[in-house]
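Nothing here was measured: the structure is a model prediction, and the numbers come from that model.
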Amino acid sequence: MQALSTTVPGHSYTIKWMFGLPEVIDFIKNCQIEEGCLIHVLQKSSAGLIIKSRDHKLAISNDIADRIQV
């Protein structure tokens with residue numbers, strides 16, 4: 001397993017687990033991104049990354065991506 005923040009753009013990953021503030025986790029899950037879900041890393045920068053799952057795209061900071069294991 002590795003943190004989502006250390007992934008490579010252009011690759012797909014399966015989320016193993018997520019932790020953090022309940023409000024943040026609820027928002028991510030409302031975007032249909034949850035444990036067992038396949039996500040695609042679209043773009044990565046020094047501040048965070050953009051991921052896609054199904055029909056949803058989400059920009060997240062490295063702080064949040066550190067708490068998501070793939």
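Between Thr7 and Gln2, some side-chain heavy-atom pair lies under the 4.5 Å cut-off. Taking the side chain as every heavy atom from C-beta outward, Val41 and Tyr13 approach each other to under 4.5 Å.
Looking at every heavy atom in both residues, Leu38 comes nearest to Ser12 through CD1-CB, 4.0 Å. Among all heavy-atom pairs drawn from Ile33 and Ser53, the shortest one is CG1-CB, 3.6 Å. Shortest non-hydrogen contact noted between Leu42 and Lys52 is CD1-CB, 3.8 Å.
Taken to the nearest 0.5 Å, the CD atom of Gln69 stands 4.0 Å off from the CH2 atom of Trp17. Separation of atoms CD1 (Ile60) and SG (Cys31) is listed at 10.5 Å; rounding is to 0.5 Å. With rounding to the nearest 0.5 angstrom, the CG atom of Leu58 is 5.0 Å from the CD1 atom of Ile51. Note that CD of Gln43 and CD1 of Ile50 are 4.5 Å apart. Values are rounded to the nearest 0.5 Å. Here the CD-CD1 distance, from Glu34 to Ile25, works out to 11.0 Å after rounding to the nearest 0.5 Å. Rounding to the nearest 0.5 Å gives a distance of 6.0 Å between CD1 of Ile68 and CE of Met18.
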TODO: Check the pair Ile39, Leu4 against side-chain contact (heavy atoms from CB on, under 4.5 Å), reporting the backbone distance first and the verdict last.
DONE: CA-CA 10 Å; Ile39 60 166; Leu4 183 59; 3.6 Å; yes

- [ ] Report the C-alpha separation of His40 and His11 in whole Å, then their side-chain angles, then the decisive distance to 0.1 Å, and conclude whether the side-chain contact (heavy atoms from CB on, under 4.5 Å) test is met.
- [x] CA-CA 6 Å; His40 187 75; His11 288 85; 5.9 Å; no

Open item on the list: Is there a side-chain hydrogen bond (donor to acceptor under 3.5 Å, both in side chains) between Asp66 and Ser5? Walk through the geometry before answering.
Closed with: CA-CA 5 Å; Asp66 286 340; Ser5 61; 2.3 Å; yes

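Counting only distance, with no hydrogens or angles, the side chain of Lys16 and the backbone of Met1 share no donor-acceptor pair below 3.5 Å.
The local environment of CG in Asp55 is sparse, with at most 12 non-hydrogen atoms from other residues, nucleotides or ligands closer than 6.0 Å.
Linking ILVMFWY residues whenever their side-chain heavy atoms come closer than 4.5 Å, directly or via other members, leaves Phe19 and Ile28 in distinct clusters. In the hydrophobic cluster analysis, where Ile, Leu, Val, Met, Phe, Trp and Tyr join through side-chain heavy atoms closer than 4.5 angstrom, Val8 is grouped together with Leu49.
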